[in-house]
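Here the structure comes first, spelled out in structure tokens, and everything after it is commentary.
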Amino acid sequence: MTDDLAARFRSAMLDCPVVGWRRRETPAETFAALARASAELGLDRWDGYGAGGPVERLEAEVAALLGKPAAVFFVSGGMAQQAALRTWCDRRGSTRVALPDLSHQLRHEQDGPRLLQGFRFEWLTQGREAPTAEHVRALPTGLGAVQVELPLREAGCLLPSWDELVGVSQACRDLGVPLHFDGARLWEAQPYWDRPLAEIAGLADSVYVSFYKGLGGLAGAAVVAEADVADELRLWRTRMGGTLYRMTPYAVGALVGLRDRLPEMAAVAGWARDLAAALVGRGLRVTPDPPHTATFQVAAEVEPDLVTERLIELMAREGVLPCFPFSASADVPGFAFTEVAVHEEALRHDPEVVAGWFAELVAPRRAPRGDAASAQPT
Ligand SMILES: Cc1ncc(COP(=O)(O)O)c(C=O)c1O
């Protein structure tokens, strides 16, 4: 993308009321909403270095929802997962962690977990594969931990079936290897299995969840585990500089997300499935098909820059940015793809109408005027 196109896209986005299926708010609007929510929720104390106040309330709520004895709040998922995996690896006397080659740590964290914690990573799965017991049993013994990403974001938010997940859990228990879930989008994944969150979390020894993706908070994460594990997580949080003097703003955002967004997850996932079906009906490719969560990938034979030009027009016309710009596919020459992450704001729109917008975005380039006439036989 040229600098000019990128600048025009950014500027259109700043004027667009709905970006990525979420209403854009100014900081003042967000802080005002958090202030109102603090009063509604009776939050009249601050935390001090993560103790007390809304942070303690959030930790108790998350531990109860996920059915584990304790939860520890972190300001980022990256830090939360380094702490969790480090705790398991120290206990096991092994730095080897098996995870998907598409996992967030390996794709988006500048190699931090390996450089900072000394982990040695091995592939649990490769590419667009869901993990199974066979994947776990095929690994060399002596692992520090196994990590499953639920859903696997880089594969279009792919999930294992319930039986596959139970199989992974059983295989880890048989081998005595701690199982950690990267549940950045576990709230969004729950409707797929239609099982209580606590039953899902019960399959793992530690589970990380995020507060700013589906839940729409400011930032932040938690890890749930047994109390002795949680104590070690707090030590690692402090060692990594993550026990901030005040973490209340993030905790309030998370509590609001649990109150307002969590109950809508199944409806949002249902809307995403309806959109995906309408897209397939119009010839676009959807992965996974049907989607497992409210986030999925869409691919089409189209030039990415042409789509970006059309996204700028669409934002001006409809006031909605339904997806971010497409990228050229590394797998299929000529094809481009994007991620569609559906949030609450989508529920105000008809998925058929939105599918029509996508069809416009990926339509073949119109021939310049006059070409059709010159193509006529003389
Ligand atoms: C699957 C997954 N894991 C971990 C993270 C890290 O979360 P954070 O941005 O809070 O560090 C992300 C963030 O996008 C994610 O998508």
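Atoms within each ligand, like the ligands themselves, are counted from 1 in listed order. In what follows, residues are counted from 1 in the order of the sequence shown. Treat the numbers as computed from the prediction; the structure is a model and nothing was measured.
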Residue D111 excluded, over 12 heavy atoms near CG under 6.0 Å
yes
Hits for side chain to side chain contact (heavy atoms under 4.5 Å, CB included) against E25, two or more places apart or cross-chain, chain-then-number order -> E29, T30
Do E188 and K213 sit within salt-bridge range, that is, some charged N less than 4.0 Å from a carboxylate O?
no
Report the nearest protein non-hydrogen atom to atom 15 (C) of ligand 1: residue, atom name, distance rounded to 0.1 Å.
H104 CD2, 3.2 Å
In terms of residue, atom name and distance, what is the protein heavy atom nearest to atom 16 (O) of ligand 1?
R185 NH1, 2.8 Å
Any salt bridge linking E313 with R310? Criterion: basic side-chain nitrogen under 4.0 Å from a carboxylate oxygen.
no
Under 4.0 Å between a Lys/Arg side-chain N and an Asp/Glu carboxylate O for R23 and E344?
no
Between A184 and ligand 1, which residue portion shows a heavy-atom distance shorter than 4.0 Å: side chain, backbone, both, or neither?
side chain
What is the nearest protein non-hydrogen atom to atom 14 (O) of ligand 1, stated with its residue, atom name and distance?
K213 CE, 3.1 Å
Among all the protein's non-hydrogen atoms, which is closest to atom 7 (O) of ligand 1, and how far away is it?
Y208 OH, 3.2 Å
Applying a strict 4.0 Å limit to heavy atoms, is Y212 in contact with ligand 1?
yes
Quick check against the 3.5 Å criterion: does T338 have a side-chain atom that pairs as donor or acceptor with the backbone of C323?
no
Starting from F121, walk the hydrophobic network (Ile, Leu, Val, Met, Phe, Trp, Tyr; side-chain heavy atoms closer than 4.5 Å) and list everyone else you reach, by chain and number.
L85, V97, L99, L106, F119, W123
Can you pull out the closest protein heavy atom to atom 11 (O) of ligand 1? Residue, atom name and distance to 0.1 Å, please.
G78 N, 2.9 Å
If you scan protein heavy atoms around atom 1 (C) of ligand 1, the nearest is E149 OE2, 3.3 Å
Side chain or backbone, does E109 bring an N or O within less than 3.5 Å of an N or O on ligand 1?
no
More than 12 heavy atoms of other residues, nucleotides or ligands under 6.0 Å from CZ of R120: is that the case?
no
Starting from atom 10 (O) of ligand 1, what is the nearest protein heavy atom, named by residue and atom, and what distance separates them?
G77 N, 2.7 Å
To the nearest 0.1 Å, how far is atom 3 (N) of ligand 1 from its closest protein heavy atom, and which atom is that?
D182 OD2, 2.7 Å
